[in-house]
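Structure incoming, see below.
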Amino acid sequence: MVKRQLPNPRELAELMRFKQPTLNPTDRRLEKALTIWDLRKIAQRRTPKAPFDYTEGAAEGELSLVRARQAFQDVEFHPSILRNVPVVDPSCEVLGGPSSLPFGIAPTGFTRMMQTEGETAGAGAAAAAGIPFTLSTLGTTSIEDVKAANPHGRNWFQLYVMRDREVSYGLVRRAAAAGFDTLFFTVDTPVAGARLRDKRNGFSIPPQLTPGTVLNALPRPAWWINFLTTPKLEFASLTSTGGTVGELLDSAMDPTISFEDLDLIRGMWPGKIVVKGVQTVEDAKLLAERGVDGVVLSNHGGRQLDRAPIPFHLLPDVVREVGQDLEVHVDTGIMNGADIVASVALGAKFTLIGRAYLYGLMAGGRRGVDKTIQILRGEIERTMKLLEVPTLDELGPQHVTQLARLQPVARGVQEVAERTVDAKPKPVRAPRAAGKAGAAKPAQTIPPAKPVDA
């Protein structure tokens, strides 16, 4: 029988110590976010549908994005034991300089459309965390203002080759003059992908007020107040706006981009040059032969060619072929620090986060981006401790298995030929009837065999 007693007042007082309330509403929202997916939920509540869908969406059926995220979920880790790893060091060297974490902020276009602080928040958070920040050609903050927001940190510039080559050349010169140390030469956007959410939402640059957008804005007044009371959106390259994002891209991009453009830009750029948007082993080998400093395996966040290769699946083959010649980076689909650890284990020198950063931005501006980095840092360090790996250099393929969900159908030419022959109808002659020489039954046809399942 349980012995009961009156509560001890001192013990009761200890139990009644309530947590101090958080008065700042932004801090209060962000405190509740434990994962990037939590930040996404907050961002969706606070951002009008059109800009949120622009961030969230991908091309056509959005299969490339779904598959990229699924690939990271289909990972099995293999932890060591009894290795005595009380602390871990997630820092690394990338493209000739330091980074406190094995990821940087990816280039994103129209960023101030998601939240008014835009690239300034991203660059400032990157500076505080000691990681690189990448400005997009289609960014909404100037090269010089990003430099001012991150004066002592590492700034990278992502370049689209425009129809008007002089625009691209001018951006290269400005980024070099501002001290940006790396150029991302982007190759996966000869034309815009079919981003159907934008068309269905009537999303244009700048946003157009319609009865639908006004109705959608009513529960999100802070976004519209910020948008209407801050400086007009300015783009790093576009001198005029108006129309959907796809229309703007198609009017600006040049499908005739070639290796000659790469060589010319490389001759202009004094720092490191990385080719972003590589999607085959063969192209990675060609670029290694041309002596670039790195490649980013990327399908543009699933926003260009739907059903494109999954960068994370491509990673081991590219590292095996060219990993000794150049740095291999990867993006698309990263939503957890464990995704980053798995990428490094399979040979990635570095990773980039796009939507994960923008979810934090939309959830809470600069503080939301800080929260994104904090969440990913915690997940990286915890995963490394559970694997009992003290440094990134000690991660290797032995720590990760990529589980197969989408298997390529591979049939050899000979196998296909044999099946084709076997499937053709074959005439069969019946034996002659005894005593009736020359009287044969009509030819019979054997129906084709059912094809073997792939």
Side-chain angles (χ1 to χ4, degrees), residues 68 71-72 74-78 80 88-104 106 131-132 134 154 156 158 181-188 259 262 266 269 271-300 308-334 337-353 380 383-384 387 389-404 408:
F72 284 116
D74 292 345
V75 160
E76 181 178 83
F77 284 116
H78 307 295
S80 302
V88 295
D89 178 9
S91 66
C92 65
E93 290 284 319
V94 56
L95 296 169
S99 178
S100 67
L101 294 163
F103 70 88
I131 64 175
T134 316
R154 301 191 65 190
W156 297 348
Q158 175 264 339
D181 65 74
T182 296
L183 185 76
F184 278 28
F185 186 91
T186 301
V187 296
D188 58 4
F259 280 102
L262 172 60
R266 187 181 179 191
W269 180 252
K272 302 287 187 179
I273 189 161
V274 175
V275 177
K276 185 177 185 295
V278 176
Q279 299 179 65
T280 69
V281 175
E282 291 73 19
D283 282 340
K285 291 167 69 175
L286 285 174
L287 292 165
E289 292 170 359
R290 298 181 91 90
V292 302
D293 297 295
V295 294
V296 181
L297 305 181
S298 171
N299 62 31
H300 212 100
I310 299 168
F312 183 60
H313 282 176
L314 192 61
L315 177 61
D317 291 336
V318 172
V319 170
R320 183 180 61 252
E321 292 293 332
V322 303
Q324 298 300 315
D325 304 316
L326 48 72
E327 292 190 12
V328 180
H329 302 184
V330 67
D331 74 12
T332 304
I334 293 173
D339 304 340
I340 296 169
V341 172
S343 299
V344 174
L346 292 181
K349 186 67 175 177
F350 205 63
T351 63
L352 296 165
I353 60 164
I380 290 169
T383 303
M384 291 177 67
L387 290 173
V389 176
T391 66
L392 298 176
D393 289 339
E394 296 187 41
L395 282 168
Q398 71 274 16
H399 293 108
V400 175
T401 295
Q402 290 179 308
L403 304 178

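Heavy atoms only: backbone and side chains are in, while hydrogens, waters and symmetry mates are out.
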V318, N299, I334, V296 screened by side-chain contact (heavy atoms from CB on, under 4.5 Å) with P311, the one that passes: N299

pair L346-F312: side-chain heavy atoms closer than 4.5 Å: yes

T134-Q158 side chain donor-acceptor pair, cut-off 3.5 Å: no

Salt bridge (Lys or Arg N to Asp or Glu O under 4.0 Å) involving D181 - partner list, sequence neighbours excluded: R154

Test side-chain contact (heavy atoms from CB on, under 4.5 Å) applied to E76 - qualifying residues, sequence neighbours left out: H78, T401, L403

Straight-line distance of K285 NZ to D325 CG, nearest 0.5 Å: 11.0 Å

Results of side chain to side chain donor-acceptor pair (under 3.5 Å) for R266 - residues two or more places apart only: none

side-chain contact (heavy atoms from CB on, under 4.5 Å) against E394, all qualifying residues, sequence neighbours excluded: V389, P390, T391

Pairs where residues 89-99 contributes a residue and the test side-chain hydrogen bond (donor to acceptor under 3.5 Å, both in side chains) is met, not counting sequence neighbours: D89-S91

T182 OG1 to L95 CG distance, which is reported to the nearest 0.5 Å: 4.5 Å

Residues which pass side-chain contact (heavy atoms from CB on, under 4.5 Å) with D317, listed by chain and number, not counting sequence neighbours: V281, R320

D293 side, atom CG; L183 side, atom CG - distance, nearest 0.5 Å: 10.5 Å

Any residue meeting side-chain contact (heavy atoms from CB on, under 4.5 Å) with A345, in chain and number order, not counting sequence neighbours: L395, V400

Distance in Å, I273 CD1 paired with L262 CG, rounded so as to fall on 0.5 Å steps: 5.5 Å

Interatomic distance, F72 atom CZ to H313 atom NE2 [nearest 0.5 angstrom]: 9.0 Å

Any residue meeting salt bridge (Lys or Arg N to Asp or Glu O under 4.0 Å) with D74, in chain and number order, not counting sequence neighbours: R405

side-chain hydrogen bond (donor to acceptor under 3.5 Å, both in side chains) pairs, two or more places apart, involving residues 342-352: none

Side-chain (E327) to main-chain (V274) donor-acceptor, under 3.5 angstrom: no

Residues that T280 engages under side chain to side chain donor-acceptor pair (under 3.5 Å), provided they are two or more places apart: D283

Close side-chain approach of F103 and I380, heavy atoms under 4.5 Å: yes

Test ring pair (Phe, Tyr, Trp, His ring centres under 6.0 Å) applied to F350 - qualifying residues, sequence neighbours left out: W156, H329

Salt bridge (Lys or Arg N to Asp or Glu O under 4.0 Å) involving D331 - partner list, sequence neighbours excluded: K276

Heavy-atom side-chain proximity of V278 to V328 below 4.5 angstrom: no

Side-chain touch F259/L287, heavy atoms, less than 4.5 angstrom: yes

